[in-house]
Amino acid sequence: MPENLLANHTTARVGGPATTWVTVSTEKQLTTAIADADAANTPLLVLAGGSNMLVADAGFPGTVVHLATQGIEILESTEEYVYVRIAAGHEWDAVVAWSVAEGLTGIEALSGIPGSTGATPVQNVGAYGADISKTLVSIRAWDRQVNRIVTLTGDELEFGYRDSIIKRTIASSTTNFYHASPRWIVLSVDLQLVKTGTSAPIRYPQLARALDLELEQSAPLEQIRQTVLDLRGSKGMVLYSYDHDTWSTGSFFTNPIVPIDVAASLPADAPRFPHHEAGDTTETVKLSAAWLIDHAGFNKGFGLQDEPNTVNGRASLSTKHTLALTNRGAASTQDLVQIATVVRDGVAAKWGIHLVPEPVLIGVQLGA
Ligand SMILES: Cc1cc2nc3c(=O)[nH]c(=O)nc-3n(C[C@H](O)[C@H](O)[C@H](O)COP(=O)(O)OP(=O)(O)OC[C@H]3O[C@@H](n4cnc5c(N)ncnc54)[C@H](O)[C@@H]3O)c2cc1C
């Protein structure tokens with residue numbers, strides 16, 4: 001199994017070789033590898049869990065720095081809170097499992113999200129009514145612009161829906177490999193967890209229903225974790241190597257945020273969620289990308305049948321969820337891109353709404 005083949009390190013299991021591969025297990029190795037690549041003007045791709053990126057079949061013409069730093073450190077424990085520092089490479093779900101076992105509240109609804117802790121602030125990972133911005137105090141990061149370690153607070157990270165100041169410095173493009181990774185490389189993440197022993201108030205109707213509770217009620221942490229894992233599992237959103245529905249990047253498109261009049265023009269049964277972010281001047285609504293895809297005629301499993309544009313079944317929408325684009329075993333990046341392009345264009349034709357990919361696209365883009 002060639003170490004430098006991106007398909008061996010990404011959850012969609014696609015992507016060609018990198019010119020150079022460096023695995024780093026200490027912070028010093030990490031900052032040195034980044035500084036060296038930048039000093040030599042070599043394109044740099046920082047990769048951790050590989051669960052939110054789609055890399056070209058041609059591979060990456062530069063250095064991949066594979067993050068493998070580990071560690072959960074308790075910084076401070078007060079009567080009410082525990083402050084923890086987690087190394088960027090530490091597997092995120094292991095952190096959630098640890099917090100639940102310790103009776104610490106705040107991240108339990110983020111159970112089962114693949115990938116690393118250091119990537120969680122990049123797109124403000126979220127699920128089931130929670131996101132990392134709610135518990136993140138600050139990060140330590142290598143700032144590639146000034147070549148030193150800096151601290152950025154949650155406010156400075158300007159979190160939004162699947163967005164942060166970090167993500168906005170990644171240029172998704174076919175040619176701009178120099179900006180495949182962000183300006184700030186997260187070294188560690190500091191979280192504030194609460195010593196309550198029960199969950200944060202439930203903010204997601206499907207989760208409340210599964211627990212037979214009302215919104216804003218709480219439940220034991222372990223029960224929230226298990227219920228979220230079960231719900232995610234039923235949608236193919238927990239990684240299992242035997243299940244091709246999980247050979248994906250999770251949700252391939254973000255939920256579109258549109259002005260209120262655009263949302264009003266959709267059928268009454270189209271899901272709509274109130275949405276407001278700091279700085280918004282117009283009232284906006286978040287729509288369900290999965291609903292828009294499904295109701296544009298792209299049902300679960302689209303692509304598996306031998307139809308035009310279906311890349312002969314090598315790639316398809318998940319058979320469990322229309323928002324995940326999956327590798328059925330022998331797909332290339334280009335196969336996934338082809339399905340994504342058909343779906344994006346079909347949604348635009350049906351609803352006039354432009355879907356935007358959630359994963360970082362490296363050396364590849366959807367069709368014009
Ligand atoms: C089955 C499945 C389900 C998913 N469910 C969810 C979900 O519910 N909610 C959600 O928000 N996401 C979800 N995702 C997406 C993904 O798991 C998250 O975005 C995760 O945080 C990515 O972590 P990673 O370590 O795999 O990042 P990678 O894929 O390795 O990297 C992603 C991007 O972040 C950059 N990056 C990685 N580490 C760092 C670092 N330390 N500093 C700076 N930049 C860095 C990379 O350069 C790249 O641009 C899902 C993915 C899959 C496959």
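Start at 1 and go down the list; that is how both ligands and their atoms are numbered.
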Could you find the nearest protein heavy atom to atom 12 (N) of ligand 1 and give me its residue, atom name and distance? Gln123 NE2, 3.2 Å
Name the closest protein heavy atom to atom 39 (C) of ligand 1, giving the residue it belongs to and the distance to 0.1 Å. Val46 CG1, 4.1 Å
Regarding Asn124 and Asp163, do their side chains bring together a donor and an acceptor under 3.5 Å, going by distance alone? no
Mark the output for Lys167 as yes if a heavy-atom distance to ligand 1 is under 4.0 Å, and as no if none is. no
Below 4.0 angstrom, N of the basic side chain to O of the carboxylate: do Glu102 and Lys195 qualify? no
Using distance alone, determine whether Leu239 and ligand 1 share an N or O pair under 3.5 Å. no
Taking only heavy atoms of Arg162, which atoms of ligand 1 are found under 4.0 Å from at least one of them? 11 (O)
For the residue pair Lys286 and Tyr161, would you count it as a cation-pi contact if the rule is NZ or CZ under 6.0 angstrom from the ring centre and within 45 degrees of the ring axis? yes
Hey, can you tell me if Trp291 and Trp351 have their rings parallel, tilted or perpendicular (30° and 60° cut-offs)? tilted
What protein heavy atom sits nearest atom 7 (C) of ligand 1, and how far off is it? Gly126 O, 3.6 Å
Once you measure the plane-to-plane angle for Phe298 and Phe302, does it fall in the parallel (<30°), tilted (30-60°) or perpendicular (>60°) bin? perpendicular
The closest protein heavy-atom partner of atom 27 (O) of ligand 1 is Ala119 CB, 3.6 Å
Tell me yes or no: between the side chains of Asp131 and Ser133, is some donor less than 3.5 Å from an acceptor? yes
Are any of the side-chain nitrogens in Arg168 or Glu158 under 4.0 Å away from the carboxylate oxygens of its partner? yes
Is there at least one pair of N or O atoms, one from Arg232 and one from ligand 1, spaced under 3.5 Å apart? yes
Residues Thr333 and Gly15: closest non-hydrogen pair is OG1-N, 3.4 Å
Would you tell me whether Thr326 and Arg328 have side-chain atoms, one donor and one acceptor, within less than 3.5 Å of each other? yes
Min heavy-atom dist Tyr128 to ligand 1 below 4.0 Å: no
Below 4.0 angstrom, N of the basic side chain to O of the carboxylate: do Lys235 and Asp230 qualify? no
Closest to atom 41 (N) of ligand 1 among protein heavy atoms sits Val186 O, 3.1 Å
Numbered in order shown, the ligand 1 atoms found under 4.0 Å of a heavy atom of Ile113 are 6 (C), 7 (C), 8 (O), 9 (N), 13 (C), 17 (O)
Nearest non-hydrogen contact to atom 22 (C) of ligand 1 from the set Gly115, Ser51, Gly50 belongs to Ser51
Ala127, any N or O under 3.5 Å of ligand 1 N or O: no
Proximity flag Ile185 to ligand 1, non-hydrogen atoms under 4.0 Å: yes
Could you check whether Thr42 and Thr63, counting side-chain N and O atoms only, form a donor-acceptor pair closer than 3.5 Å? no
Asn124, portion touching ligand 1 at heavy-atom distance under 4.0 Å: neither
Shortest heavy-atom approach to atom 2 (C) of ligand 1 - which of Ser318, Ser111, Gly112, Gly250: Gly250
Strictly under 6.0 Å, is that where the ring centroids of His9 and Trp21 end up? yes
On a heavy-atom basis, I'd like to know which of Tyr161, Trp92, Trp184 is closest to atom 43 (C) of ligand 1. Trp184
Relative to atom 25 (O) of ligand 1, which among Gly118, Pro121, Pro182, Ser116 owns the nearest non-hydrogen atom? Ser116
Taking atom 18 (C) of ligand 1 as the point of reference, which of Asp93, Thr10, Val125 owns the nearest heavy atom? Val125
Restricting to heavy atoms, the pick from Asn52, Val55, Leu67 nearest atom 29 (O) of ligand 1 would be Asn52
